[in-house]
Undergrad: 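Below: one structure in C-alpha cells.
Below, read A as the first sequence line, B as the second, and so on, with proteins coming before strands; counting in each chain starts at 1.
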Amino acid sequence: MCKKVLEVNSLTAAYGDKPVLWDINIDVPEGIIMGIIGPNGAGKSTFIKSLLGLIKPVAGRVKIYGKPYKSVRKKVAYVPQRESVDWDFPTTVLDVVTMGLYGSIGWIKRPGKKEKQLALNALGKLGMKEYCNRQISKLSGGQQQRTFLARALVQDADLYLMDEPFQGVDALTEKAIINLIKELKNKGKTIIAVHHNLETVVEYFDWVMMLNVKCIALGPCKEVFTEENLAETYSSPEIPCQNIIIENEKSIYKSTKSALLRGEKI
Amino acid sequence: MISPQFEIQLIAVVTSLACTLAGTFLVLRKMAMMSDAISHSILAGIAIAFLYTKDIHSPLLIVAATATGLVTVFLVEILKNTNLVSEDSAIGLVFTSLFSVGVIIISKYARNVHLDTDAVLLGEIAFAPFRRFYIGNIDLGPKSLYIMTAILIVNILFISLFYKELKISAFDPGLAFVLGFSPGIVHYGLMTVVSITAIGAFDTVGSILVVALMVVPPLTAYLLTDKLKFMILISAILGILSGILGYQAAHLLDVSISGSMATVSGIMFFLAFIISPQKGIIAAFRQYKKVKTSS
Amino acid sequence: MIGYLLSIFQDYTLRTVLLGSGILGITSGILGTFTLLRKQSLLGDAVSHSALPGIAIAFLLTKSSSPVVLLSGALIFGWVSSLCMMFIVKYSKIKYDGALGIVLSVFFGFGLVMLSVVQKLPNSRQAGLNKFLFGQAATLLKEDIITMGILSGIALIITFVFWKEFKLLVFNPEFGYTIGLPMKKIDILLTCLIVVAIVTGLQTVGVVLMSAMLIAPASAGRQWTDRLEIMAALAGFFGAVSGITGTLISSKTPNMPTGPVIVLISFALFAFSLLFAPKRGIISRLISAHKNNLTFKNNLKTTIRR
C-alpha cells in the first residue's frame with residue numbers, strides 16, 4: 001500500500017574495472033528513516049551520488065517516486081559530506097542556506113525577501129538564526145552541519161538524501177539533527193542517510209541498508225540488523241585505494257626492513 | 001588634447017577592471033592557472049587564423065583566439081575525464097602543446113609580421129595610443145580603449161546576470177548540478193569571458209600582465225575580506241591602483257610598463273599578506289604567542 | 001643512413017645542441033616524475049617564469065652573460081620563488097593554484113622590469129638573455145653544455161643518493177616522520193633539485209615551454225607502470241628521445257624553432273602512452289570495459305534469473 005520512494009534495479013557502478021557498486025536491487029518505501037552502513041570503500045557515498053545522477057552508473061536504473069531524478073528534482077534535497085566544500089569561501093550562513101532555493105528561483109533571477117525569510121525560518125529550526133550573518137569560515141563542525149541541513153530543509157522536499165550527517169559533530173548537534181529528522185518523518189517525509197556509527201543505528205533508523213559493494217541486507221532494523229549480516233558486511237577486504245601506493249609502500253617496507261635487519265640506522 | 005599618458009592610464013584602468021572581474025571567479029574556483037594556460041594557448045588560434053586570412057587586423061583572429069580558449073578548456077576536461085591524468089598536468093600538457101603549435105606556425109610562415117612571440121608574451125601598452133579608432137576622419141581615440149571597454153561591459157553583464165550561478169558553482173558544484181544548474185554552461189561561460197578578456201588585453205599588456213591582473217588583485221582581496229561583494233570591489237580597486245601606480249613608476253624609472261604594473265600588484269599582495277588581520281602572518285604569530293604564553 | 005648519422009656527429013653545433021637536449025630530457029623526465037606524483041606539475045611553469053628576474057639581475061650585477069653567472073641568478077630566484085609559494089600556502093587561506101599564479105606573474109613582471117633596464121644598457125652581450133626567455137637552442141655553446149651538464153649531473157647524483165628518502169616523501173611522509181627522517185629538509189632538497197632541472201633547461205626550450213618537459217615525459221611514463229623506478233626511467237628515456245628527435249627535426253627543417261618541436265614530440269609520446277599502454281591505456285581499457293560489460297551483463301542476467 002505504501003508508495004515506493006526509491007526503486008533501484010541492477011545498479012552497478014565502477015571506476016575503471018573495479019566495481020564500487022554491484023547489482024543493487026532495492027525498493028524503499030516512503031515515510032521511513034533509513035541508514036546506509038558499511039565499511040570504507042563500500043560505495044555508500046557512490047550510491048547516494050548515483051541516485052542523484054552525480055555519478056553515471058555502468059548499468060542499472062534508478063527511479064525516484066516512479067520517475068528519473070531529473071523529473072522530480074524539486075522533491076529531493078541533498079546534504080553532501082562537509083568536506084565536499086571549501087569553508088574558506090567568502091559567504092555567510094544565510095547565503096549558503098539561500099543557495100538551497102536557487103533551484104526554485106531558476107536562472108538569472110535574484111533571491112528576494114521571500115527567499116530570505118524562508119532561509120531564516122530554516123535556520124531557526126536548526127537553532128542557527130543568530131548566526132545568519134556569520135562567515136562560514138568561522139563555524140564549528142556542528143554549526144557547519146546545521147547550515148547544510150538548513151539548506152536542505154529550506155527546499156521543502158519529500159526525500160532527503162544525506163551523506164554522513166553525523167560525522168564529526170558534537171553531541172548537542174547530533175541530538176538536534178536526529179530530532180529534526182524524526183520531525184520530518186512525522187510529516188511524511190523520507191530520509192536516507194549514510195551513517196558510520198554502528199552503535200546508534202537501531203536508535204536512529206527504522207530501516208537499514210547494509211552495503212559492501214553489494215547490498216548485503218535491506219529492511220527494518222529489527223529484522224535485518226543482525227550479527228550475521230554485520231559480519232558479512234564488514235568481512236570483505238577493503239578495496240585498495242591506489243595500486244601505486246601499495247606497490248611502492250611494499251618496496252619501501254622491504255628496503256627499510258632489510259636495512260633494519262642489517263642493523264643500519266635509518 | 002588628451003595626452004597619450006592619460007590615454008595609457010585610462011586603458012590600464014579599464015583593462016585592470018575587466019581582468020579582475022573575470023579573475024575573481026576564476027580564483028574562487030581554484031583555477032588561477034587557467035588564466036596562464038588560456039593566455040598562452042590562444043596564440044595557436046591567432047596563428048592558424050592568420051595563416052588563413054593573411055590579415056593581421058582581421059576579426060577572424062579574435063574569433064579563432066576565443067575558440068582556442070574554449071578548446072583549451074575542453075581538451076583539459078577530456079584529459080581529466082580519462083582519470084589517468086591529474087588536472088594540473090592536463091592544463092600544463094594542453095597549453096604548452098597549443099603554444100608550441102602557435103610558435104611553429106608563426107616562425108615558419110609569419111616571420112616578418114608584427115605577430116612576434118616577443119610581442120605576444122610581453123605586449124607593450126605604450127604603443128596603444130598610436131593605434132587609433134577612426135570613423136570616417138574623426139579620431140575617436142585609441143582602439144584598445146574601445147575594445148577593452150566593450151569587453152569590460154560584457155564582463156560586468158555576465159557577472160551580474162549570473163552572479164548566483166557563479167557563486168554556487170564555485171562553492172558547491174555538486175549542489176549546483178543537483179539543483180539543475182548545468183555546471184557546463186557556467187564553466188564554459190566563465191571561460192569564454194576569460195578568453196575574450198585575455199585576447200583583448202593581450203595586445204596591449206601582454207599575457208603575463210593578464211595573468212597578474214586576473215590573479216593577484218582578487219587573491220589580495222581574498223585575504224582582506226570575507227564577503228564576496230567586497231572581494232570583487234576591493235580587487236577592482238587594487239587592479240586600478242596597480243594600473244595607475246605601475247604606470248607612474250614605469251614612467252619615473254623608465255622601465256617596462258606591464259612589468260611595473262605586475263610588480264606593484266605583487267607589492268600590494270605582499271603587504272596584505274603580512275598585515276591581514278585574520279589570515280596574515282602577523283595574526284599567525286600573535287596566535288602562536290598566545291598559545292605559548294598560556295601553556 | 002650511416003652517412004646521415006656520421007654527418008650529425010661531425011656537425012659541431014648540432015652535436016652540442018643534441019647533447020643539451022638530451023641532458024634536458026633525462027633530467028626533467030626523472031625529476032618531473034616526482035613533481036607529477038606530488039601533484040605539483042605546474043611548479044615548473046611558475047619556477048621557470050620566476051627565473052627571469054634572476055637572470056636579468058645577475059647580468060646587471062656582473063655585466064657578464066656567461067652561463068654560470070646567469071644560471072646562478074636563475075637558480076637563486078627560482079629557489080626563492082618556490083619558498084614564496086610554500087609560504088603563501090602555509091600561512092594563508094590561499095591554495096596552491098593561487099600561489100602558483102601570484103608568484104609566476106609577479107616574479108616574471110619584475111623580471112620584465114629588470115629586462116627593460118638591461119635593454120637600456122649599450123652592451124651587446126644582452127643577446128644571451130634572450131636565449132633564456134625564448135629558448136634558442138641553436139645558440140647553445142660548449143660552455144653552456146658544460147654548465148648544464150655539471151649541474152644536471154650533480155642533481156641526478158643527489159637524486160639517486162636520496163632515492164629512498166624521496167620515495168618516502170612522495171608516498172608516505174608520515175612514516176618518514178615516525179622513523180625519524182627530517183622530511184621537511186628532504187622536501188626542500190627535492191624542490192631545490194627540481195629548480196635546478198628547470199633552470200638548466202631554460203636555454204633549450206625557453207620559459208614557457210619548460211614546464212612541458214617536466215610534465216609530458218613523466219605523464220607518459222606514468223601510463224606504463226605503477227613502480228616509481230620504472231616510471232622515472234621511462235620518463236628520462238622519453239625526455240631524452242623527445243629532446244634528441246626534436247633537435248634533429250628542427251635542425252633539418254628551415255625556420256623551425258627547436259623548443260616547440262621538442263615539446264610536441266614529448267606530447268606525442270604522452271598521447272601514444274595514454275592510448276596504448278597496457279592496462280591503464282585507453283585502448284586496453286576500452287577492450288576490457290567491453291569484456292567487463294559482457295561479464296556484468298552475463299552476471300546480471302544470471303542474478304535476475306535467480
Undergrad: Search all heavy atoms of B/Ser86 against all heavy atoms of C/Lys39 and return the closest pair with its distance.
TA: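 Taking B/Ser86 first and C/Lys39 second, the nearest heavy atoms are CB-CD, 4.0 Å.
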Undergrad: So does B/Met31 get a backbone contact from the side chain of C/Asp97, meaning a donor-acceptor N/O pair under 3.5 Å?
TA: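 Pair found, side chain donor or acceptor close to backbone of B/Met31.
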Undergrad: side-chain contact (heavy atoms from CB on, under 4.5 Å), that's the test. Do B/Ile104 and C/Leu264 meet it? Break it down for me.
TA: CA-CA 10 Å; B/Ile104 290 179; C/Leu264 285 179; 3.6 Å; yes
Undergrad: In Å, rounded to the nearest 0.5 Å, how long is the span from CZ of C/Phe267 to CG of B/Leu98?
TA: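 C/Phe267 CZ to B/Leu98 CG: 8.0 Å, rounded to 0.5 Å.
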Undergrad: Indicate yes or no: at least one non-hydrogen side-chain atom of C/Leu115 is less than 4.5 angstrom from one of B/Ser256.
TA: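 A side-chain contact is absent here, since even the closest heavy-atom pair is not under 4.5 Å.
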Undergrad: Check whether C/Ile88 gets within reach of chain B through its side chain, its backbone, both or neither, counting any heavy atom under 4.5 Å.
TA: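 Interface part for C/Ile88: both.
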Undergrad: Report the option among C/Leu100, C/Leu36, C/Asp45 that has the most heavy-atom pairs separated by less than 4.5 Å from atoms of chain B.
TA: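 The option with the most such pairs is C/Asp45.
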Undergrad: What part of C/Lys95 lies closer than 4.5 angstrom to a heavy atom of chain B: side chain, backbone, both or neither?
TA: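 Interface part for C/Lys95: side chain.
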Undergrad: Determine whether the side chains of C/Ser41 and B/Ser89 contain a donor N or O and an acceptor N or O closer than 3.5 Å.
TA: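 Yes, a side-chain donor-acceptor pair sits under 3.5 Å.
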Undergrad: Could you measure the distance from the CZ atom of C/Phe107 to the OG1 atom of B/Thr263? Nearest 0.5 Å is fine.
TA: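 Reported to 0.5 Å precision, the distance equals 10.5 Å.
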Undergrad: Between C/Ala212 and B/Thr96, which heavy-atom pair has the shortest distance, and what is it?
TA: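 Smallest heavy-atom distance, with atoms named: CB-OG1, 3.4 Å.
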Undergrad: Looking at C/Tyr91 and B/Phe273, what are the two nearest heavy atoms and their distance?
TA: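 Looks like CB-CZ, 3.9 Å.
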Undergrad: So, do C/Leu104 and B/Ile208 sit near enough that their side-chain heavy atoms are less than 4.5 Å apart?
TA: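 A side-chain contact exists here, since the closest heavy-atom pair is under 4.5 Å.
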Undergrad: Any side-chain heavy atom of B/Phe95 sitting closer than 4.5 Å to one from C/Ser211?
TA: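 In short, these two side chains touch, coming nearer than 4.5 Å.
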Undergrad: Which bit of C/Ile102 is near chain B, if near means a heavy-atom gap under 4.5 Å: side chain, backbone, both or neither?
TA: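 It is both, since atoms from each part get that close.
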Undergrad: Is C/Phe270 close to chain B through its backbone or its side chain, or both, or neither, when contacts mean heavy atoms under 4.5 Å?
TA: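 C/Phe270 touches chain B through side-chain heavy atoms alone.
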Undergrad: Which one of B/Val215, B/Leu93, B/Leu26 has the most heavy-atom pairs closer than 4.5 Å to chain C?
TA: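 Ranked by heavy-atom pairs under 4.5 Å with chain C, first place is B/Leu93.
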Undergrad: Among B/Val85, B/Thr82, B/Asp36, B/Leu79, single out the residue with the greatest number of heavy-atom pairs under 4.5 Å to chain C.
TA: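 With the most close heavy-atom pairs to chain C, the winner is B/Asp36.
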Undergrad: Would you compute the distance between atom OG of B/Ser97 and atom CD1 of C/Ile265 and round it to the nearest 0.5 angstrom?
TA: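 If I round to the nearest 0.5 Å, the distance is 12.0 Å.
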Undergrad: Pick from C/Leu214, C/Thr253, C/Leu274: which one has the most heavy-atom pairs with chain B under 4.5 Å?
TA: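 Looking at each of C/Leu214, C/Thr253, C/Leu274 in turn, C/Leu274 comes out on top.
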Undergrad: Could you state the interatomic distance from SG (C/Cys84) to CZ (B/Phe269), rounded to the nearest 0.5 Å?
TA: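 Atom-to-atom, C/Cys84:SG and B/Phe269:CZ are 9.5 Å apart.
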Undergrad: Measuring from atom CG of B/Asp88 to atom CG of C/Leu43, what distance do you get when rounded to the nearest 0.5 angstrom?
TA: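 Nearest 0.5 Å value for the CG-CG distance: 10.0 Å.
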Undergrad: How many angstroms lie between CG in B/Leu223 and NZ in C/Lys93, if you round to the nearest 0.5 Å?
TA: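 The NZ atom of C/Lys93 is 7.0 Å from CG of B/Leu223, to the nearest 0.5 Å.
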Undergrad: Between C/Val261 and chain B, which part of the residue has a heavy atom less than 4.5 Å away: side chain, backbone, both or neither?
TA: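 Both parts, backbone and side chain.
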Undergrad: With a 4.5 Å cut-off on heavy-atom pairs, point out which of B/Ala32, B/Ala37, B/Ser100 contacts chain C the most.
TA: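 Greatest number of close heavy-atom pairs with chain C: B/Ser100.
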Undergrad: Which atom pair, heavy atoms only, marks the closest approach of B/Gly259 to C/Leu112?
TA: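 Closest approach of B/Gly259 to C/Leu112: CA-CB, 4.0 Å.
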Undergrad: Most heavy-atom pairs under 4.5 angstrom with chain C, which of B/Asp254, B/Ile91, B/Val27?
TA: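 Maximum pair count with chain C is reached by B/Asp254.
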Undergrad: Might you point out which heavy atoms bring C/Val106 and B/Ala262 nearest each other, and give the distance in Å?
TA: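 Nearest heavy atoms, C/Val106 then B/Ala262: CG2-O, 4.0 Å.
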